[in-house]
Amino acid sequence: MVRTNSEQYWLFKSEPDCYSIDDLAQAPQQTARWDGVRNFQARNFLRDQVAAGDRVFFYHSRCKIIGIVGTAIVSRASYTDPQQFDPQSPYFDAKSSAEAPRWFCVDITLTKKFAQTVTLDQIKQIQALDEMVLRKQGRLSIQPVTQREWQTINQLAT
DNA sequence: GCCAACGTTGGC
DNA sequence: GCCAACGTTGGC
């Protein structure tokens with residue numbers, strides 16, 4: 001994938017028991033570090049593609065109401081995830097070093113919490129969303145979204 | 001909480 | 001560099 005000048009769209013997954021959109025809403029400046037990503041494909045997106053100004057769907061997984069719960073904007077482009085160097089952290093990685101860091105993070109800022117979740121059930125029923133990465137690669141926690149998918153889901157949310 | 005799918009690790 | 005074993009994700 002080639003980086004273009006225009007903003008790009010992403011979907012970030014989180015288990016709400018771990019970190020929910022309400023946690024983001026209550027964070028200082030409604031901004032949080034999106035860290036702890038420990039999957040190489042997701043890491044590559046974070047490190048190489050996600051840019052400041054890109055738009056993000058906030059997705060709740062492994063919970064009662066699964067789906068997209070709101071939107072955020074990338075407020076800081078990728079930097080090394082400090083938790084990989086902290087032996088106390090669950091995200092510590094002994095194989096990583098300052099010279100060759102393995103893991104990256106970005107900051108996101110809340111832009112909108114949807115009045116109602118756009119549920120996975122809904123997404124599955126809409127033909128325009130058949131090609132979403134979400135539908136094809138269930139386990140990828142950072143994934144690209146097309147402009148058409150972005151618009152379709154935003155329309156559903158209003 | 002189960003378990004299928006799939007990513008990662010490590011012995012060979 | 002293959003692939004079995006293992007660990008994790010995430011919908012149900």
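Proteins come first, then strands; the chains are lettered A, B, ... in the order of their sequence lines, and each starts at number 1.
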Would you tell me if any nitrogen or oxygen in the side chain of A/Y59 comes within less than 4.0 Å of OP1 or OP2 on C/dT9?
-> no
Nearest-angstrom distance from the residue atom NZ of A/K136 to C1' of B/dA4 | 20 Å
A/F45 CZ - B/dG7 P separation (whole Å) | 12 Å
Partners passing side-chain hydrogen bond (donor to acceptor under 3.5 Å, both in side chains) against A/S61 (at least two apart in sequence or in another chain) | none
A/K95 has its side chain closest, among C/dG10, B/dT9, C/dT8, to B/dT9
Please determine, for the side chain of A/S61, which listed nucleotide (B/dG7, C/dG11, B/dA5) has the closest atom?
-> C/dG11
For A/I65 and C/dC12, give me the distance from atom CD1 to atom C1', rounded to whole Å.
-> 15 Å
Which part of the nucleic acid does A/K124 contact within heavy-atom distance under 4.0 Å: base, sugar-phosphate only, or nothing?
-> sugar-phosphate
Identify whether the distance between the nearest side-chain nitrogen and carboxylate oxygen of A/D81 and A/R38 falls below 4.0 Å.
-> yes
Has the side chain of A/R62 got a donor or acceptor that lies under 3.5 Å from a partner of the other kind on the base of C/dT9?
-> no
Spacing between A/D121 atom CG and C/dG10 atom P, to the nearest angstrom = 17 Å
Would you mind telling me which of C/dG7, B/dT8, C/dG11 lies closest to the side-chain atoms of A/R139?
-> C/dG7
Determine the sole option in A/F104, A/F58, A/W10 for which the ring pair (Phe, Tyr, Trp, His ring centres under 6.0 Å) test with A/W34 is passed.
-> A/F58
In whole angstrom, give the distance that lies between atom CG of A/N39 and atom C1' of B/dT9.
-> 14 Å
N/O (side chain, A/K13) to phosphate O (OP1/OP2, C/dG10) under 4.0 Å | yes
Residue list, salt bridge (charged side-chain N to carboxylate O under 4.0 Å, His left out) with A/D121, at least two apart or on another chain = none
